[in-house]
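Chain letters run A, B, ... following the sequence lines, proteins first, then strands; residues in each count from 1.
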2 protein chains.
Amino acid sequence: MVETQPNVETDPCGDLLDHVRRGRPAAGQDPVKRSQIIEGARRVFIDKGFEAASMNDITREASVSKGTIYVYFANKEELFEALIEEERGTIFKNMYDVLDNADDLRETLVKFGKVLALKITSAKVIQAQRTVIGASDRIPELGARFYERGPKRGHDKVAAFLDAAIERGLLRIDDVDLAAYQFTELCLAGLFRQCIFAYRTKAPGQDEIDHIVRSGVGMFLKTYGTENLAAEESHQTIAIEARP
Amino acid sequence: MVETQPNVETDPCGDLLDHVRRGRPAAGQDPVKRSQIIEGARRVFIDKGFEAASMNDITREASVSKGTIYVYFANKEELFEALIEEERGTIFKNMYDVLDNADDLRETLVKFGKVLALKITSAKVIQAQRTVIGASDRIPELGARFYERGPKRGHDKVAAFLDAAIERGLLRIDDVDLAAYQFTELCLAGLFRQCIFAYRTKAPGQDEIDHIVRSGVGMFLKTYGTENLAAEESHQTIAIEARP
DNA sequence: GTGCAATCGAACCGATTGGTTCGAATTATT
DNA sequence: AATAATTCGAACCAATCGGTTCGATTGCAC
């Protein structure tokens with residue numbers, strides 16, 4: 001009984017209704033309908049951008065009446081934010097699982113780098129990012145929030161992974177934060193900007209990504225890896241005799 | 001005489017008037033007025049995006065009548081393209097001059113990297129890029145053209161510079177194209193995405209850029225530099241190497 | 001001065017915008 | 001079947017959109 005008639009007064013999902021909660025008990029609790037609206041909004045927003053998209057388009061695309069949409073979302077901007085929030089979730093979901101498995105450092109980095117590059121440059125994700133970036137000019141908080149809960153969170157995971165590797169004596173890094181950025185950028189070398197500016201019309205293929213990532217990881221390990229370090233240091237003792 | 005009455009029939013700047021050239025002699029030849037329009041367009045487009053910007057805003061901002069604007073530019077899109085073309089020009093102008101001076105390899109790379117990072121992440125340029133990216137969803141050719149005549153051209157210059165360094169025996173690179181991308185990305189490590197998503201509200205400072213670039217250049221030279229190579233090779237001959 | 005091209009400025013076009021309202025229709029609970 | 005909640009769908013709002021037109025005004029060249 002409780003389930004059939006959603007209890008609005010004690011609804012845990014309150015943050016969705018802050019604006020609606022007035023005299024009338026708020027409708028807009030059906031998650032199915034909500035998804036339906038967002039799905040329509042996705043199609044429209046993603047391929048027209050925030051400004052060019054019209055609520056009427058979304059109405060049409062979602063097969064939901066305009067009035068209903070305004071029951072679920074206060075206005076266009078709020079609907080857009082909800083969409084982006086969901087997109088962000090699906091984009092970055094499970095992306096960092098590879099990092100939990102830490103057999104071989106090099107292969108783990110390669111595996112993760114490939115997943116990263118593949119995701120970030122996929123047509124769908126690029127379109128979504130374009131939409132967010134375009135809107136960030138007028139709604140900076142939206143872009144910031146997207147970055148914070150998406151790329152930033154991923155960056156932190158990478159940094160944590162590097163920290164663990166340092167702990168294990170596999171890496172030697174002075175600025176872990178910077179190193180994490182460097183690793184990420186090396187995996188995307190050139191791809192992100194090419195894609196985001198529509199210079200590339202198609203997402204890069206597996207083979208190309210593999211080539212880039214392996215090269216990047218090589219570069220990364222050559223700088224921060226401790227593998228060759230012992231040898232390298234023993235080597236430098238020839239030149240630097242000042243050591244006790 | 002010729003100057004006061006621009007000769008429309010043999011006008012060299014024909015591509016601007018293709019749409020106007022009908023019965024009436026085309027106006028819209030005054031470069032000053034043209035700049036005036038574009039300057040107004042810049043302010044409006046940059047801070048509202050393509051869709052949200054209105055021709056009336058531009059009219060107001062440029063202090064030019066609407067009719068006149070349409071004498072100079074066929075429509076909104078064409079005006080926007082002209083603006084972007086100009087922006088692109090000013091952004092990338094002189095950016096690569098540093099590469100012509102090739103005293104010390106490391107310092108040249110550092111110097112260039114700093115210029116690059118400083119430009120790309122400056123508030124003005126970030127805003128412009130956001131506008132282009134946002135519009136690239138609907139007008140992909142525009143983004144592609146921007147990239148092609150901007151970042152791409154720069155990338156080619158970097159690659160050429162690396163080629164020259166290889167020629168001089170200072171670098172050893174198998175995939176120069178990739179290396180050029182890697183270098184660029186290392187110089188921007190994290191900055192570009194943070195800025196473009198408005199996660200950073202301010203452009204990075206000189207000190208931060210210096211730190212990033214020096215680290216990146218170090219990484220780059222450690223991988224591709226021939227400085228330590230001789231020593232390293234004599235060392236590695238023990239362990240390696242199936243590669244030609 | 002005279003003439004003429006360029007610009008102005010305002011009105012106008014049809015279409016569309018985000019947003020609101022409300023009675024009718026639908027749906028499910030009891 | 002009765003009841004209550006929810007959604008629908010259409011009409012409506014003032015505002016704005018890009019784009020066009022045209023007569024009045026300006027300013028420069030002769």
Side-chain angles (χ1 to χ4, degrees), chain A residues 1-9 11 17 19-20 22-37 40-41 44-45 48-81 138-139, chain B residues 1-9 11 16-17 19-37 40-41 44-45 48-81 138-139:
Chain A
M1 314 167 173
V2 177
E3 198 233 328
T4 57
Q5 180 180 337
N7 190 336
V8 176
E9 297 308 316
D11 176 44
L17 314 167
H19 51 284
V20 186
R22 286 175 314 188
R24 277 298 172 84
Q29 288 305 314
D30 186 359
V32 176
K33 185 126 298 219
R34 201 183 128 97
S35 310
Q36 184 183 344
I37 296 173
V44 177
F45 276 129
K48 305 189 92 171
F50 178 74
E51 298 293 342
S54 91
M55 292 298 266
N56 292 326
D57 291 341
I58 296 172
T59 285
R60 205 175 308 117
E61 202 69 32
S63 305
V64 166
S65 88
K66 212 170 175 182
T68 303
I69 292 185
Y70 277 96
V71 169
Y72 281 81
F73 304 95
N75 50 41
K76 191 184 183 183
E77 191 168 310
E78 201 165 290
L79 171 56
F80 183 65
E81 293 207 32
R138 314 231 300 149
I139 322 172
Chain B
M1 319 161 177
V2 177
E3 200 234 329
T4 56
Q5 180 181 336
N7 189 337
V8 176
E9 299 307 315
D11 176 44
L16 282 172
L17 315 167
H19 51 283
V20 186
R21 196 173 312 193
R22 285 175 316 186
R24 277 298 171 85
Q29 289 305 316
D30 186 358
V32 175
K33 185 125 301 218
R34 201 184 127 97
S35 310
Q36 184 183 344
I37 297 173
V44 178
F45 276 128
K48 304 189 92 170
F50 178 74
E51 299 292 341
S54 91
M55 293 297 267
N56 292 326
D57 292 341
I58 296 172
T59 285
R60 207 175 307 118
E61 204 69 31
S63 305
V64 166
S65 88
K66 212 168 175 183
T68 304
I69 292 185
Y70 278 96
V71 170
Y72 281 80
F73 304 94
N75 50 42
K76 192 185 183 184
E77 192 167 309
E78 202 166 289
L79 172 56
F80 183 64
E81 293 207 31
R138 315 230 301 149
I139 321 172

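Judged by the 6.0 Å distance and 45° axis criteria, A:K76 is positioned over the aromatic ring of A:F50.
Taking side-chain N and O atoms only, A:S65 has a distance below 4.0 Å to OP1 or OP2 of D:dC8. For C:dT7, one of the phosphate oxygens OP1 or OP2 lies less than 4.0 angstrom from a side-chain nitrogen or oxygen of B:Y72.
Of all non-hydrogen atoms in B:K48 and B:A52, the two that sit nearest each other are O-CB, 3.0 Å. Minimum interatomic distance between A:I37 and A:T68 (heavy atoms only, all atoms of both residues): CD1-O, 4.5 Å. Taking both residues in full, the closest heavy atoms of A:M55 and A:N75 are given as CE-C, 4.4 Å, listed atom of the first, atom of the second, then distance. Between A:A53 and A:V44 the shortest heavy-atom distance is CB-CG1, 3.5 Å.
Distance A:R34 CZ to D:dT7 P: 13 Å, rounded to the nearest Å. In this entry the distance linking CZ of A:F80 with C1' of C:dT17 reads 17 Å, nearest Å. The distance from atom CZ of B:R60 to atom C1' of C:dC8 is 16 Å, rounded to the nearest whole Å. Taking atom CD1 on B:I58 and atom P on D:dC17, their separation rounds to 10 Å, with Å as the unit. The NZ-C1' distance, from B:K33 to D:dT26, rounds to 11 Å in whole Å.
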Please assess B:L79 against B:F45 for the test side-chain contact (heavy atoms from CB on, under 4.5 Å), listing each intermediate value before the final yes or no.
CA-CA 10 Å; B:L79 172 56; B:F45 276 128; 4.2 Å; yes

Enumerate all atom pairs, one protein N or O and one N or O from nucleotides 18-24 of chain C, separated by less than 3.5 Å.
residue	atom	partner	partner atom	Å
C:dG18	OP1	A:A53	O	2.8
C:dG18	OP1	A:K76	NZ	2.8
C:dG18	OP2	A:M55	N	2.8
C:dG19	OP2	A:Y70	OH	2.9
C:dG19	OP2	A:K76	N	2.9
C:dG19	N7	A:K66	NZ	2.9
C:dG19	O6	A:K66	NZ	2.9

